[in-house]
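Computed from a prediction, not measured in an experiment: that's the story for all the values here.
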Number of protein chains: 2
Amino acid sequence: MDRFLSNGVNRIDAKGRVSVPAHFRAVLQKRGYQELYALRTLDMPAMDVGGLDLLDRYEERIGLEDPFLQTADDMSFFAHGDGAFLKLDGEGRITMTDFIREHTGIETQVAFVGRGRFFQMWEPDRFAAYREQVRARLLNLRRAATGTTPGGVPE
Amino acid sequence: MDRFLSNGVNRIDAKGRVSVPAHFRAVLQKRGYQELYALRTLDMPAMDVGGLDLLDRYEERIGLEDPFLQTADDMSFFAHGDGAFLKLDGEGRITMTDFIREHTGIETQVAFVGRGRFFQMWEPDRFAAYREQVRARLLNLRRAATGTTPGGVPE
DNA sequence: TGGGAGAACATGGGCGTCAATGGGATTAGC
DNA sequence: GCTAATCCCATTGACGCCCATGTTCTCCCA
């Protein structure tokens with residue numbers, strides 16, 4: 001498996017370290033990444049985390065814009081200025097910096113959430129609340145649509 | 001990694017010196033720059049700082065303009081006349097001159113902001129305010145577009 | 001089927017190194 | 001001779017690296 005799936009909560013130790021779930025580390029290793037790129041998610045109190053390919057994708061996107069217009073500058077400001085590299089220690093842990101804590105509200109625990117090509121880090125309570133919001137939205141969509149299948153199984 | 005990434009705040013000491021973040025210094029060294037070139041960012045209260053390639057980039061931009069028009073002359077004046085060389089001391093610090101302070105409003109602390117190929121220096125409060133503006137603009141872009149993916153990740 | 005050995009993983013802590021910062025001394029410039 | 005810039009050294013705190021502990025899961029065997 002080469003995608004980030006499932007989620008789990010790990011504890012932050014006295015030195016501010018937290019283990020990246022072994023499964024996520026395995027994915028990173030399979031893709032050959034030693035370093036992690038973390039970005040403050042635009043519209044959620046979470047961090048988007050992935051290998052360097054995540055940064056590459058942003059930079060490719062920025063490259064499509066006129067480099068002297070504001071949009072390109074904004075995108076660079078966001079991807080570079082609001083992003084950071086995270087180093088894994090020998091045990092596969094990363095340290096929760098203020099840079100991460102301020103944006104996410106993370107204090108003592110971290111919820112790791114697989115998102116396919118990348119994963120996210122959340123404060124567990126906020127994640128639970130957000131998950132419920134998402135479920136509610138999806139449920140409304142389902143109800144609004146015609147031809148739904150009872151039992152929640154799509155055709 | 002050879003890109004300027006992430007942001008952090010360092011303090012200015014009684015002599016007007018401030019440490020350039022070690023990560024940024026490592027990038028500079030990897031790129032082989034002994035000297036730093038800083039210029040006043042055109043539309044922000046910040047300094048753009050990088051190696052000599054920063055100057056190249058501006059000159060490339062100037063090259064796109066008609067040399068008979070005033071715009072090219074203005075840009076040239078700006079890039080060459082509103083820039084300064086910064087020297088790193090033995091500990092990797094630079095001195096905050098009035099040239100920098102006047103344009104940025106920097107007084108006691110400096111926010112270093114990675115921008116990929118270069119980095120910026122901001123007064124920390126102004127940086128925080130500008131960052132929120134950028135995030136708001138990007139959020140509007142996202143909402144205006146169709147087929148967006150939550151989480152700020154382009155497909 | 002229950003238990004036990006072992007492996008994998010999360011977690012905790014010691015210690016050395018390096019970065020950020022502060023201050024004194026020395027040199028250059030006016 | 002005074003100010004300011006530069007160099008050198010000291011301190012402190014954070015971080016990286018290494019090893020130890022504990023817990024859970026798996027697999028194997030009785």
The ring pair (Phe, Tyr, Trp, His ring centres under 6.0 Å) partners of Phe99(A) (sequence neighbours excluded) come to none

Salt bridge (charged side-chain N to carboxylate O under 4.0 Å, His left out) filter on Arg137(B), not counting sequence neighbours, yields Asp74(A)

Within residues 94-105 of chain B, the residues having a heavy atom closer than 4.0 Å to DNA chain D are none

Contacts satisfying salt bridge (charged side-chain N to carboxylate O under 4.0 Å, His left out) that involve residues 100-109 of chain B (not counting sequence neighbours) are Arg40(B)-Glu102(B)

What N/O pairs connect the protein and nucleotides 7-10 of chain C at under 3.5 Å? Give each pair on its own line.
{"unit_1": "dA10(C)", "atom_1": "OP1", "unit_2": "Ala22(A)", "atom_2": "N", "d": "3.2"}
{"unit_1": "dA10(C)", "atom_1": "OP2", "unit_2": "Arg25(A)", "atom_2": "NH1", "d": "3.2"}

Residues passing the salt bridge (charged side-chain N to carboxylate O under 4.0 Å, His left out) test with Arg31(A), sequence neighbours excluded, are Asp53(A)

5'-most contact on DNA chain C (nearest-nucleotide basis), Val18(A) vs Lys15(A), goes to Val18(A)

Residue set satisfying salt bridge (charged side-chain N to carboxylate O under 4.0 Å, His left out) with Asp89(A), at least two apart, ordered chain then number -> Arg93(A)

Leu138(A) meets the side chain to side chain contact (heavy atoms under 4.5 Å, CB included) criterion, sequence neighbours left out, with Val134(A), Leu141(A)

Classify the side-chain pair Gln109(B)/Arg11(B) by whether it contains a donor and acceptor separated by less than 3.5 Å.
no

Taken in chain and number order and not counting sequence neighbours, the residues that satisfy side chain to side chain contact (heavy atoms under 4.5 Å, CB included) with Lys87(A) are none

Note: chain B reaches DNA chain D at heavy-atom distances under 4.0 Å over the stretch, first to last nt, 5' to 3', of dT6(D) to dC9(D)

Sorted by chain and number, sequence neighbours left out, side chain to side chain contact (heavy atoms under 4.5 Å, CB included) with Glu59(A) holds for Leu55(A), Asp56(A), His80(A), Arg3(B)

Separation of dT11(C) atom P from Ile12(A) atom CD1, nearest Å, is 10 Å

Whole-Å distance, Asp89(A) CG to dG12(C) P, equals 13 Å

Taken in chain and number order and not counting sequence neighbours, the residues that satisfy side chain to side chain contact (heavy atoms under 4.5 Å, CB included) with Ser6(A) are none

